[in-house]
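Below: the structure, in structure tokens.
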Amino acid sequence: MNVRDRSACDNYMVADARRYVEWETPFLNPLTTVRDDVRRALIILNQPFSLPLLETLWKTCSWRCCADGGANRLYDLLGEAGDGELLRNLYTPDLIKGDLDSLRRDVREYYSTKGVPVLQDLDQDTTDLMKCIKSLEENERKEGYEYETLILGGFSGRLDQTIHLLSYIHKIRNMRSKVYVITDDNIGWVLDGGHHRISIDHEVLGPTCGLLPVGVDSTVLSTSGLRWNLSGTESSFDGLLSTSNHLVSTEPFVTIETSRPIWWCAELRRKI
Ligand SMILES: Nc1ncnc2c1ncn2[C@@H]1O[C@H](COP(=O)(O)OP(=O)(O)OP(=O)(O)O)[C@@H](O)[C@H]1O
Ligand SMILES: Cc1ncc(C[n+]2csc(CCO)c2C)c(N)n1
């Protein structure tokens, strides 16, 4: 998408005289051909991930960045496979960025020798994830295009980092193209206040899912396509949460109407 052409309506489609945001996750299915008119960026965090997940996401992205110790994860994972050197050549990131307090010396030397820029930003008020998004935005300004963003890792491990991730993605929801957070177990993203239609690829998603009103006092939810649907129901951190909900295998879409931003998440089937 051209940055200059972007308007608040870009993600909206019109159907049944109602405007909704369309969401789909073709990048999760190794057998799906993804649209090449969407540019995607991959940000690898310092959290565990599997080789099949990395391979599946990597090929759908055209800009890949490791957040500090995320580069250690990438380097170590590829080294564990049969031909580590071949894989490391195939999966060489475009950038390593962070305050670099976690990046190991051997990993830094390896990728520097390969010509990967290793950028240190010592700002102690921003996290490595924020630093990577900043570089992505600089890149977007240069290219004149926005990228959808796939963040690999971040739902597990240190609770402060996990909550930071939930908060940060919530805060930037209107400032960027779509941002997804993906681990081997889950995918999640923020749905802004409004109508949404999510295409469900039952090969890779399910069976469980959740609607999490994090960062708002409360929201009013109406849904379809779920086992336990809501109809104009108030949901809040302090009150009702839709957790352990289920996708319905015969439904190709989930629709969600929410008065305020919420986190949506779905479990990944262990197939990727
Ligand atoms: N345990 C974790 N849980 C969730 N996300 C994590 C975790 N550890 C790291 N991350 C993510 O990976 C990025 C890089 O992490 P790294 O361990 O290299 O640096 P850090 O010093 O822990 O993080 P930061 O410098 O951002 O505070 C972090 O910015 C964060 O987004
Ligand atoms: C109120 C407040 N709390 C914590 C930090 C610490 N901190 C937040 S982001 C970051 C960078 C980590 O690479 C560090 C050290 C701060 N600056 N301000």
Side-chain angles (χ1 to χ4, degrees), residues 28 40-51 53-54 57-58 61 63-80 88 91-112 114 116-140 147-173 175-190 210 212 214-215 243 263-268 272:
L28 287 179
R40 293 194 184 82
L42 180 67
I43 298 180
I44 301 176
L45 302 183
N46 189 7
Q47 276 290 288
F49 51 85
S50 70
L51 185 54
L53 181 64
L54 175 78
L57 300 181
W58 187 281
C61 295
W63 188 84
R64 296 105 175 178
C65 172
C66 294
D68 199 349
N72 303 339
R73 300 275 178 182
L74 181 68
Y75 179 90
D76 290 343
L77 179 74
L78 299 174
E80 286 160 16
R88 283 191 189 129
Y91 298 102
T92 304
D94 296 284
L95 178 67
I96 298 171
K97 175 100 186 261
D99 60 359
L100 305 187
D101 60 349
S102 306
L103 182 64
R104 291 202 315 266
R105 186 185 297 240
D106 60 318
V107 177
R108 183 177 187 155
E109 278 171 13
Y110 177 85
Y111 284 118
S112 295
K114 295 264 172 210
V116 178
V118 180
L119 292 187
Q120 185 169 44
D121 176 346
L122 288 169
D123 184 354
Q124 293 299 287
D125 290 331
T126 58
T127 62
D128 297 325
L129 170 64
M130 294 159 84
K131 288 170 178 132
C132 289
I133 296 276
K134 192 173 157 206
S135 283
L136 174 57
E137 285 171 347
E138 285 162 7
N139 194 42
E140 288 172 333
Y147 288 68
E148 281 189 11
T149 312
L150 311 185
I151 297 176
L152 177 52
F155 283 148
S156 56
R158 266 172 52 195
L159 184 60
D160 61 334
Q161 292 280 27
T162 304
I163 299 291
H164 159 65
L165 181 80
L166 295 178
S167 152
Y168 183 57
I169 305 306
H170 168 93
K171 285 187 282 198
I172 65 171
R173 69 189 177 276
M175 297 171 207
R176 298 196 45 73
S177 258
K178 294 167 172 172
V179 181
Y180 303 87
V181 180
I182 303 156
T183 64
D184 278 281
D185 303 312
N186 296 283
I187 181 167
W189 64 88
V190 174
L212 311 170
V214 188
T243 56
W263 266 92
W264 154 261
C265 63
E267 187 180 7
L268 295 197
I272 294 178

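Order of listing sets the numbers, starting from 1, for every ligand and every atom in it. Computed from a predicted structure; not experimentally measured.
- Closest to atom 11 (C) of ligand 1, if we only count protein heavy atoms, is L45 CB, 3.7 Å.
- Judged purely by atom type and a 3.5 angstrom limit, S112 uses its side chain to pair as donor or acceptor with the backbone of R108.
- For R64 (side chain) and W58 (main-chain N/O), a donor-acceptor pair under 3.5 Å exists by modelled atom type.
- Atom 1 (N) of ligand 1 has its closest protein heavy atom at R158 N, 2.5 Å.
- A donor and an acceptor atom, one from each side chain of S135 and K97, are located under 3.5 Å apart.
- Taking every heavy atom of G154 and a limit of under 4.0 angstrom, the matching atoms of ligand 1 come to 4 (C), 5 (N).
- Between the side chain of Q120 and the backbone N or O of V118 there is no donor-acceptor pair closer than 3.5 Å.
- From the protein, the heavy atom lying nearest to atom 4 (C) of ligand 1 is S156 O, 3.2 Å.
- Counting protein heavy atoms only, atom 18 (O) of ligand 1 is closest to G69 N, 2.8 Å.
- Here the protein heavy atom with the shortest distance to atom 31 (O) of ligand 1 is L129 CB, 3.6 Å.
- Within ligand 1, counting atoms from 1 as listed, the ones closer than 4.0 Å to a heavy atom of G157 are 1 (N), 3 (N).
- When P48, C66, S102 are checked for heavy-atom proximity to atom 16 (P) of ligand 1, S102 turns out nearest.
- The two residues A71 and I96 have their closest heavy-atom pair at CB-CD1, 3.8 Å.
- Within a 4.0 Å radius of atom 2 (C) of ligand 2, the protein has no heavy atom.
- Using a 4.0 Å threshold on non-hydrogen atoms, atom 8 (C) of ligand 2 counts as touching the protein.
- At under 3.5 Å, not a single nitrogen or oxygen of D123, backbone or side chain, sits near a nitrogen or oxygen of ligand 2.
- Under the 3.5 Å distance criterion, the side-chain polar atoms of D99 are left unmatched by any main-chain donor or acceptor of D121.
- One N or O on the side chain of W263 and one on the backbone of L166 form a donor-acceptor pair closer than 3.5 Å.
- Checked by distance only, ligand 2 and T127 stay at 3.5 Å or farther apart across all their nitrogen or oxygen atoms.
- Summary of contacts: the protein heavy atom closest to atom 6 (C) of ligand 1 is Q161 CB, 3.6 Å.
- The shortest non-hydrogen separation linking L212 to C265 is CD1-SG, 4.0 Å.
- Here the closest heavy-atom approach between residue C132 and residue C65 is recorded as SG-SG, 3.4 Å.
- Taking any N or O of F155, backbone or side chain, none lies under 3.5 Å from an N or O belonging to ligand 1.
- The side chain of D101, and not its backbone, has at least one atom closer than 4.0 Å to an atom of ligand 1 (non-hydrogen atoms only; side chain from C-beta on).
- Protein non-hydrogen atoms do reach within 4.0 Å of atom 14 (C) of ligand 2.
- Counting only non-hydrogen atoms, the option in L100, D68, D125, L122 that gets closest to atom 18 (N) of ligand 2 is D125.
- Contacts of T126 with ligand 2, taken as heavy-atom pairs under 4.0 Å, involve the backbone alone.
- Atom 10 (C) of ligand 2 has as its closest protein heavy atom Q124 O, 3.2 Å.
- Only side-chain heavy atoms of D99 come within less than 4.0 Å of ligand 2; its backbone N, CA, C and O stay farther off.
- Only the side chain of Q47 comes within 4.0 Å of ligand 1, counting heavy atoms alone; its backbone N, CA, C and O stay farther away.
- Closest to atom 17 (O) of ligand 1, if we only count protein heavy atoms, is N46 ND2, 2.8 Å.
- Contacts between D99 and ligand 1, counted as non-hydrogen atom pairs separated by less than 4.0 Å, involve the side chain only.
- Not a single donor-acceptor pair under 3.5 Å links the side chain of D128 to the backbone N or O of A67.
- For the pair R73 and D68, the salt-bridge criterion is not met [side-chain N within less than 4.0 Å of a carboxylate O].
- Checking side-chain atoms of R88 against main-chain N and O of Y75 turns up a donor-acceptor pair under 3.5 Å.
- Using a distance-only test at 3.5 Å, with no hydrogens or angles considered, a donor-acceptor pair links the side chain of R176 to the main chain of Y147.
- Atom 19 (O) of ligand 1 has as its closest protein heavy atom D128 OD2, 2.9 Å.
- A distance-only check finds no donor-acceptor pair linking the side chain of Q47 to the backbone of L152 [under 3.5 Å].
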